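Here the structure comes first, spelled out in structure tokens, and everything after it is commentary.
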Amino acid sequence: MNTIPLWKVKRELARVLKQLFWKWPSLIIPFLFNRLYYDLVLARNIVVAEGEQLITPKIAIYLIFPVKGVLKSHVRALEYMIENGYAPVVVSNITLQFEDRQLLKKKCWKLIERPNFGYDFGGYRDGFLHIKKYLKDIDRLVLLNDSVWFPLPGSKNWLQSVEELAVDYAGAVSNYGIDRHPQHRFQDINWIYSTSHNNFHYCSFALAISPSVFRSKSFERFWRKFRLTNDKTRTVRRGEIGLSKWVISRGFTHAQTFDIQNIDRELSDLPEAELREVLLNLIIPEDPALSAIKSELLAASTSVDRTTVEKFILTVIARQGAGYVMSMFAIQRMGFAFLKKSPVWLNRDASNITVEIAKQLKGKFGGEILSEIQALRAERKIKQGAVG
């Protein structure tokens, strides 16, 4: 057996310690002081205005980032909340133009403009801390953001659906209740989806919370002590994953309206032609290896057995999340009310599929969603064609 010389061990150990020495300030200092800096300095720039809507027993915190101005989809989402008895609290992660501010005031109870720090959980935090004094009189709290188009025309009423679930904490869909299976070994995947998985979380674009959760002192402490960061990965870990783990570890009941725990059985029950349609319409935003395998399976057409197709679809869900991957399936078969925006610019094939989904949405609002997609594509110079 070959042994590693002691001098090499010492050299590598010294190299690792040196890297840690130089990197730890960039990791530890933000961890310790970001929230303090935000609360003592940046939070001074928060502007709160009263809207024209009245408070109701149900509040929706709606986070927006309208870099191109307030869109028709923003207005429609707010009107939907009001129609369902919610008092919207709009939190903007950008300073608004005068016209947009006046428009939003007509459609909300409170309007909060804040520094763009901490992504969606930074905005949710400011929204929650601002309304916490009203929580003793509130029956339902919902967190929503504009990373999705919502509510889609013809979809189920999500706000009613989460109330019918009768749980303490509900999401539209979840991610990572299973290991991110290796792409090249997709045929080996064994679908066992569990809320106890280390990275399991309910997606933060739509969360519904009951009084048993939001009136608890520990829930307030979660938000007060939440460590803000402009690192997206850390925000997901501390926010989406952290909040889901907080809920589950305290024994609160929880569920999702698009439950993917048994998605393997649903796929196996599909007729052959419909399974191929699912494969064709898989949205794969940022995984070139998975995109290449998808192209190979589509090119092979009917010569590929259905088990291979099912295993591949499950692997894509495991790696990318059903909220992205299964959009067409969820919308058409389950009345899913949400369509993620980021695939429009992350990948050409994903963008093209999102366009096809939007073309099937009916009514005036369907046309408005399609127009917003086309504007995003033009801005990002996404052209019709194959994956690129």
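Just so you know, these numbers come straight off a predicted model, no measurement behind them.
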Do you know which two heavy atoms are closest between Ala170 and Leu165, and how far apart they sit? CB-CD1, 4.0 Å

Looking at Lys245, I want to see if its NZ is surrounded by more than 12 non-hydrogen atoms of other residues, nucleotides or ligands under 6.0 Å. yes

So, Glu163 and Lys58, do they make that salt bridge, N to O below 4.0 Å? yes

What heavy-atom pair brings Thr315 and Pro182 nearest, and what distance separates the two atoms? CG2-O, 4.2 Å

Determine, step by step, whether Val247 and Ser244 satisfy the side chain to side chain contact (heavy atoms under 4.5 Å, CB included) criterion, reporting the C-alpha distance in whole Å, the side-chain angles of both residues, the deciding distance to 0.1 Å, and the verdict. CA-CA 5 Å; Val247 167; Ser244 296; 5.9 Å; no

Do you know the tightest heavy-atom contact between Arg125 and Arg224? NH2-O, 3.0 Å

Identify whether Leu40 and Leu228 are in the same connected component of the hydrophobic contact network (ILVMFWY, side-chain heavy atoms under 4.5 Å). yes

Separation between OG of Ser327 and CG of Leu282, rounded to the nearest 0.5 Å: 10.0 Å

Does either side chain, that of Gln360 or that of Gln332, offer a donor lying less than 3.5 Å from an acceptor on the other one? yes

Under 6.0 Å between ring centres: does that hold for Trp109 and Tyr86? no

The test is side chain to side chain contact (heavy atoms under 4.5 Å, CB included); show your working for Leu143 and Ser204 and say whether it passes. CA-CA 8 Å; Leu143 308 180; Ser204 63; over 6 Å; no

Taking 4.0 angstrom as the limit, do Asp349 and Lys294 come out as a salt bridge? yes

In terms of heavy-atom contacts, does CD of Gln97 have more than 12 from other residues, nucleotides or ligands at under 6.0 Å? no

Could you tell me if the side chain of Met334 sits less than 4.5 Å from the side chain of Phe329, heavy atoms only? yes

Go through Val355 and Arg377 one step at a time and tell me if the side chain to side chain contact (heavy atoms under 4.5 Å, CB included) criterion holds. CA-CA 10 Å; Val355 169; Arg377 284 164 63 90; 3.5 Å; yes

If the plane angle is over 60° it's perpendicular, under 30° parallel, otherwise tilted; pick one for Phe121 and Phe226. parallel

For Tyr124 and Asn145, does a side-chain donor sit closer than 3.5 Å to a side-chain acceptor? yes

Is it true that Asp146 and His74 share a donor-acceptor pair across their side chains at a distance under 3.5 Å? yes

Heavy-atom pair with the smallest gap, counting every atom of Ala87 and Thr56: N-OG1, 3.4 Å

Taking the six-membered ring for Trp, are Phe117 and Tyr119 closer than 6.0 Å centroid to centroid? no

Considering non-hydrogen atoms only, spot the tightest contact between Lys106 and Glu52 and give its length. CG-OE2, 3.6 Å

Ignoring hydrogens and angles, tell me if any N or O in the side chain of Thr253 forms a donor-acceptor pair with the backbone of Asp168 under 3.5 Å. yes

Just jot down the side-chain contact (heavy atoms from CB on, under 4.5 Å) partners of Ser194, sequence neighbours excluded, or say none. Ser196

Are any side-chain N or O atoms of Lys107 and backbone N or O atoms of Val75, one a donor and one an acceptor, separated by less than 3.5 Å? no

What do you reckon, are the aromatic ring centroids of Tyr80 and Phe150 less than 6.0 Å apart? yes

Centroid-centroid distance, Phe214 to Phe219, less than 6.0 Å: no

How are the rings of Phe312 and Phe186 set relative to one another: parallel (under 30°), tilted (30 to 60°) or perpendicular (over 60°)? perpendicular

With rounding to the nearest 0.5 Å, note down the distance linking CD1 in Ile209 to CG in Leu243. 6.5 Å

With distance as the sole criterion, is a donor-acceptor pair present between the side chains of Glu356 and Asn281 under 3.5 Å? no

Less than 4.0 angstrom from a charged side-chain N to a carboxylate O is my criterion; do Arg114 and Asp126 meet it? yes

When you check the side-chain N and O atoms of Ser210 and Arg140, is any donor under 3.5 Å from an acceptor? no

Looking only at heavy atoms, the pair that brings Gly171 and Leu207 closest together is CA-CD2, 4.1 Å

Salt-bridge contact Glu113-Arg101 (side-chain N to carboxylate O under 4.0 Å): yes

Donor on one side chain, acceptor on other, Thr257 and Trp158, under 3.5 Å: yes

Considering only NZ, NE, NH1 and NH2 on the basic side and carboxylate oxygens on the acidic side, decide whether Arg76 and Glu83 come within less than 4.0 Å. yes

State plainly whether the residues Glu372 and Lys72 are in salt-bridge range, i.e. N to O under 4.0 Å. no

Going through the checks in order, is the side chain to side chain contact (heavy atoms under 4.5 Å, CB included) test met by Thr235 and Glu240? CA-CA 8 Å; Thr235 298; Glu240 285 183 303; over 6 Å; no

Verify same cluster id: Ile82, Ile59 (apolar side-chain graph, 4.5 Å): no

Using a 6.0 Å distance limit plus a 45 degree cone around the ring axis, check whether Arg180 lies over the aromatic ring of Tyr176. yes

Between Glu220 and Arg215, does any side-chain N to carboxylate O distance fall below 4.0 Å? no

Say you draw a straight line from CZ of Arg319 to CG of Leu314; how long is it, rounded to the nearest 0.5 Å? 14.0 Å

Decide whether Asp179 and His197 meet the rule of one side-chain donor and one side-chain acceptor closer than 3.5 Å. yes

